[in-house]
There are 2 protein chains.
Amino acid sequence: MKALGRHILVEFYGCDADTLNNTELLDKEMQEAAKKSGATIINSTFHTFSPYGVSGVVVIAESHLTIHTWPEYGYAAVDLFTCGDTVDPWIAFEHLKNVLKASHTSTIEMKRGQLNDIQGELRHKPVNAEI
Amino acid sequence: MKALGRHILVEFYGCDADTLNNTELLDKEMQEAAKKSGATIINSTFHTFSPYGVSGVVVIAESHLTIHTWPEYGYAAVDLFTCGDTVDPWIAFEHLKNVLKASHTSTIEMKRGQLNDIQGELRHKPVNAEI
């Protein structure tokens, strides 16, 4: 059975606290992770929390990358959800692991949208999307 | 072991195709799902794809809700990721199930950020966040 998408749920532990609290850097590096993995960025939205912590989303033509950080625990929850055959979310994972200086990680890869009737080659959403 | 967040991965099958392609409605109803579940909305971003399909993210103070739709397959992939003890993501699930008129669903609930050293009551991110 084919699936429309793949979704990697990542737990990054033992990360650098300053990095986890640097909204500008995380926005830049999440976008870089998307690009390196072959994704097409539509937009990104990042927010800084008080007293610390960042939430960010990079919407891509192939679904999304998200991050939520808890600098106080050296922890970040990252989701790498891609569809189509041209994007490799594991490249985004490796990039972010290096950026966050994670000492250990836990990952689960899930298939999303397992359907019987998917026809032909799996397409990601058109890059000439109306946005 | 306590966890910082809970994450429900939802597959909505057999949905109404017109609803899955109605960006404005999905934006409104995803925000309504967030509110009903007790979440605090920070912002939302929705995009319409050509020839069909919608991607949307509602960033909440307690993490995020996302949706990606494939009207051609009657399918939507929804993620309901919340932290803290005051939000019930299953309320969002029920709301969206009704909105999308899903004939069948598949759900998996994951714990995110399982840590040994979480102290005291689990807090969601402050609602007076600097955004």
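Just the heavy atoms: all of them, side chains too, but no hydrogens, waters or symmetry mates, feed the values below. To find a chain, count down the sequence lines: A is the first, B the second, and so on, and within it residues start at 1.
Contact check for B/N43 versus A/H47: side-chain heavy atoms found under the 4.5 Å cut-off. Contact annotation: the side chain of A/T45 approaches that of B/V59 to within less than 4.5 Å [non-hydrogen atoms, C-beta and beyond].
In the hydrophobic clustering, A/M110 connects to A/L9, A/I108, B/L9, B/I108, B/M110, either directly or through intervening members, whenever side-chain heavy atoms lie under 4.5 Å apart.
Top candidate by heavy-atom pairs under 4.5 Å with chain A, chosen from B/V57, B/D79, B/T66, is B/D79. Per-residue heavy-atom pair counts under 4.5 Å with chain B were compared for A/E11, A/H64, A/R112, A/H7, and the maximum is reached by A/R112.
When every heavy atom of A/F49 is checked against every heavy atom of B/I60, the shortest pair comes out as CZ-O, 4.5 Å. Nearest heavy atom pair, residue A/G113 against residue B/Y75, reads N-OH, 2.8 Å.
Not counting sequence neighbours, the partners of A/R6 by the salt bridge (Lys or Arg N to Asp or Glu O under 4.0 Å) test are A/E109. The ring-ring contact (aromatic ring centres under 6.0 Å, His included) test applied to A/F93 returns A/F12, A/W90, not counting sequence neighbours.
The stretch residues 17-37 of chain A places none of its residues near chain B, where near means some heavy atom under 4.5 Å from a heavy atom of that chain.
The parts of A/S63 that come within reach of chain B are both its backbone and its side chain, each placing non-hydrogen atoms under 4.5 angstrom from that chain. Heavy atoms closer than 4.5 Å to chain B are found nowhere in A/F46, neither backbone nor side chain.
Following chains of ILVMFWY side-chain contacts shorter than 4.5 Å, one cannot reach B/V10 starting from A/F81, and the two form parts of different hydrophobic clusters. Transitive grouping of hydrophobic side chains (ILVMFWY, heavy atoms separated by less than 4.5 Å) keeps A/I91 and A/L100 in distinct clusters.
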